[in-house]
Amino acid sequence: MKIRKPLISIYIITFCILVLFSIGDAVSVPTAEVKSTIDSVLDTLKDKNLSLPANKEERRNKIRALLGSRFDFKEMAKRSLARHWKKRTLEEKKEFISIFSELLEASYIGKIEAYTDEKITYDKEVIKGSGKYGVVSTTIATKKVDIPIDYKMILKDSKWWIYDIVIEGVSFISTYRSQYNKVIVKKSFAELIQQMKDKLNEVNALMDKKPAAEK
C-alpha cells in the first residue's frame, strides 16, 4: 500500500514533535538547574526559623542535602586525584570521596553563611562536548566588587551535575589537583587522607564557633 506524501509529512512532523518533547522532559537547561539549587540554598539561609541558634545544625544539614543533589562529588574527587585515581583501591576511593565531599560541603557552608543579600546574576550558558558538558557563568555583585563564578557541569542520567567551580578564573578542581599531587608524590596517599581529615576538623571547629546567622 502506498502512503501519500502529505500523510508521510504528517508522520515526520508528529515524530519530530514527540522527540523534541521527550528531549525537553529528559534534559533540563543547566542554568535553570543551577539557579534552582542556589535559590533553594538562599531560601534556607533566609529562613528566620532556621536562623535560630538552636536550629543551626538543621539548617546546615538541609544545605548539605541540597549540595548533594547537585554536586557530583565522585566526579570531582576523581578529577582532583587525576592520575592517582586509578592506583587507589575501592576502599581508598570510597574513603577519599567521603572525606572530600565533607570537606567541600563544610568549606562551602562556612563561606555562604556570611551571605547578606548580594545580587546574583546568571550571565551566560555554554553547551559543549556534544551536549554532555556545560558551563553556567554567574556573577555575585557585592558592595565592593563583582565576583564571577562559573559552574562546570556534566550531564548524567538526564540531570546536570556540577563537577567544578571556577571563582575569578581559579578552578577548585585544578587547585585541589595540584595540592593533592604534591602531597602524594612527596609523601603518600595515606598522608593526604590524614591532612584532609585534619583540615576537615579545623573547618568544622571554625563553623561551630560561628553563630547560626551572621548579620
Side-chain angles (χ1 to χ4, degrees), residues 24-77 97-127 133-168 170-173 176 200 203-215:
D25 290 338
V27 183
S28 353
V29 181
T31 299
E33 296 209 10
V34 170
K35 187 176 186 302
S36 174
T37 299
I38 291 177
D39 285 349
S40 296
V41 170
L42 295 183
D43 287 343
T44 302
L45 290 172
K46 293 174 184 176
D47 189 314
K48 292 183 178 179
N49 184 54
L50 290 175
S51 294
L52 296 173
N55 298 328
K56 178 174 64 175
E57 197 55 37
E58 181 185 351
R59 182 174 76 165
R60 288 174 177 171
N61 285 336
K62 187 172 181 179
I63 293 173
R64 287 187 184 98
L66 289 169
L67 298 180
S69 68
R70 182 60 57 203
F71 285 77
D72 189 339
F73 290 119
K74 181 178 179 180
E75 184 72 23
M76 296 175 86
I97 293 170
S98 176
I99 300 172
F100 178 86
S101 58
E102 285 186 52
L103 185 56
L104 197 63
E105 286 172 347
S107 298
Y108 185 86
I109 292 171
K111 288 180 175 64
I112 63 171
E113 282 188 322
Y115 175 81
T116 55
D117 268 344
E118 288 84 358
K119 183 181 179 182
I120 300 175
T121 59
Y122 297 83
D123 310 317
K124 185 174 65 173
E125 176 186 294
V126 176
I127 305 296
Y133 295 93
V135 179
V136 176
S137 298
T138 70
T139 301
I140 296 181
T142 70
K143 294 178 181 178
K144 296 182 178 180
V145 66
D146 290 348
I147 304 171
I149 301 178
D150 290 346
Y151 294 91
K152 291 188 176 183
M153 309 189 75
I154 185 170
L155 183 64
K156 290 184 178 180
D157 300 323
S158 301
K159 180 176 177 178
W160 287 97
W161 296 85
I162 296 170
Y163 71 88
D164 193 9
I165 303 175
V166 182
I167 301 178
E168 295 183 304
V170 180
S171 160
F172 269 33
I173 298 305
Y176 290 143
L200 180 59
V203 172
N204 284 333
L206 288 173
M207 286 176 64
D208 289 339
K209 290 180 182 178
K210 287 183 179 182
E214 295 182 349
K215 300 295 183 183

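Just so you know, residue 1 is the first one in the sequence shown, and it goes up from there.
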Please tabulate, for the side chains in residues 98-109, all donor-acceptor contacts under 3.5 angstrom to protein atoms that are two or more places apart in sequence or on a different chain.
from: Ser101; atom 1: OG; to: Ile97; atom 2: O; distance (Å): 2.9
from: Ser101; atom 1: OG; to: Ser98; atom 2: O; distance (Å): 2.9
from: Ser107; atom 1: OG; to: Leu103; atom 2: O; distance (Å): 2.9

What residues form a salt bridge (Lys or Arg N to Asp or Glu O under 4.0 Å) with [X], not counting sequence neighbours?
{"X": "Asp72", "value": "Lys156"}
{"X": "Glu168", "value": "none"}
{"X": "Asp146", "value": "none"}
{"X": "Lys46", "value": "Asp117"}

Problem set entry | Interatomic spacing from NZ in Lys56 to CG in Asn61 - rounded to 0.5 Å |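 So the gap between those two atoms works out to 12.0 Å.
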Exercise. For the atom pair CG (Asp43) and NZ (Lys62), what is the distance rounded to the nearest 0.5 Å?
Worked result: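 One gets 8.0 Å once the value is rounded to the nearest 0.5 Å.
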Exercise. Using the ring of each side chain (for Trp, its six-membered ring), is Tyr176 parallel, tilted or perpendicular to Phe172, with breaks at 30° and 60°?
Worked result: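 Perpendicular.
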Shortest non-hydrogen separation from [X] to [Y] and the atoms involved:
{"X": "Ile162", "Y": "Ile165", "value": "CG2-CG1, 4.2 Å"}
{"X": "Pro30", "Y": "Trp160", "value": "CG-CE2, 3.4 Å"}
{"X": "Ser171", "Y": "Asp164", "value": "OG-OD2, 2.6 Å"}

Would you indicate whether the side-chain heavy atoms of [Y] and [X] approach each other to under 4.5 Å?
{"X": "Asn55", "Y": "Asp47", "answer": "no"}
{"X": "Tyr151", "Y": "Thr138", "answer": "yes"}
{"X": "Met153", "Y": "Val135", "answer": "no"}
{"X": "Arg70", "Y": "Trp161", "answer": "no"}
{"X": "Tyr163", "Y": "Phe73", "answer": "no"}
{"X": "Val145", "Y": "Ile147", "answer": "yes"}
{"X": "Leu45", "Y": "Ile63", "answer": "yes"}
{"X": "Thr139", "Y": "Ile149", "answer": "no"}

Problem set entry | Test: Lys152 and Glu75 ion pair at under 4.0 Å |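 Glu75 and Lys152: not salt-bridged.
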Exercise. Is Lys159 salt-bridged to Glu33, going by a charged N under 4.0 Å from an acidic O?
Worked result: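 Looking at Glu33 together with Lys159, the answer is no, because their closest N to O distance does not fall below 4.0 Å.
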For this session: Scan side-chain atoms only and decide if Ser137 and Asp150 contain a donor-acceptor pair under the 3.5 Å cut-off.
Result: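 Yes, side-chain donor-acceptor contact under 3.5 Å.
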Problem set entry | Which residues share a side chain to side chain donor-acceptor pair (under 3.5 Å) with Asn204, sequence neighbours left out |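 In terms of side chain to side chain donor-acceptor pair (under 3.5 Å), with neighbours along the sequence ignored, Asn204 is linked to no residue.
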Exercise. What residues, two or more places apart in sequence or in another chain, satisfy side chain to side chain donor-acceptor pair (under 3.5 Å) together with Thr142?
Worked result: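 Scan of Thr142 (side chain to side chain donor-acceptor pair (under 3.5 Å), adjacent residues dropped) gives none.
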Quick one: side chain to side chain contact (heavy atoms under 4.5 Å, CB included) partners of [X], sequence neighbours excluded?
{"X": "Val170", "result": "Thr175"}
{"X": "Thr31", "result": "Val29, Tyr122, Glu125, Val136"}
{"X": "Leu66", "result": "Ser40, Val41, Thr44"}
{"X": "Lys119", "result": "Thr121, Ala141"}

Exercise. Which pairs, with at least one residue in residues 135-145 and sequence neighbours excluded, count as a salt bridge (charged side-chain N to carboxylate O under 4.0 Å, His left out)?
Worked result: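 Not a single pair qualifies under salt bridge (charged side-chain N to carboxylate O under 4.0 Å, His left out).
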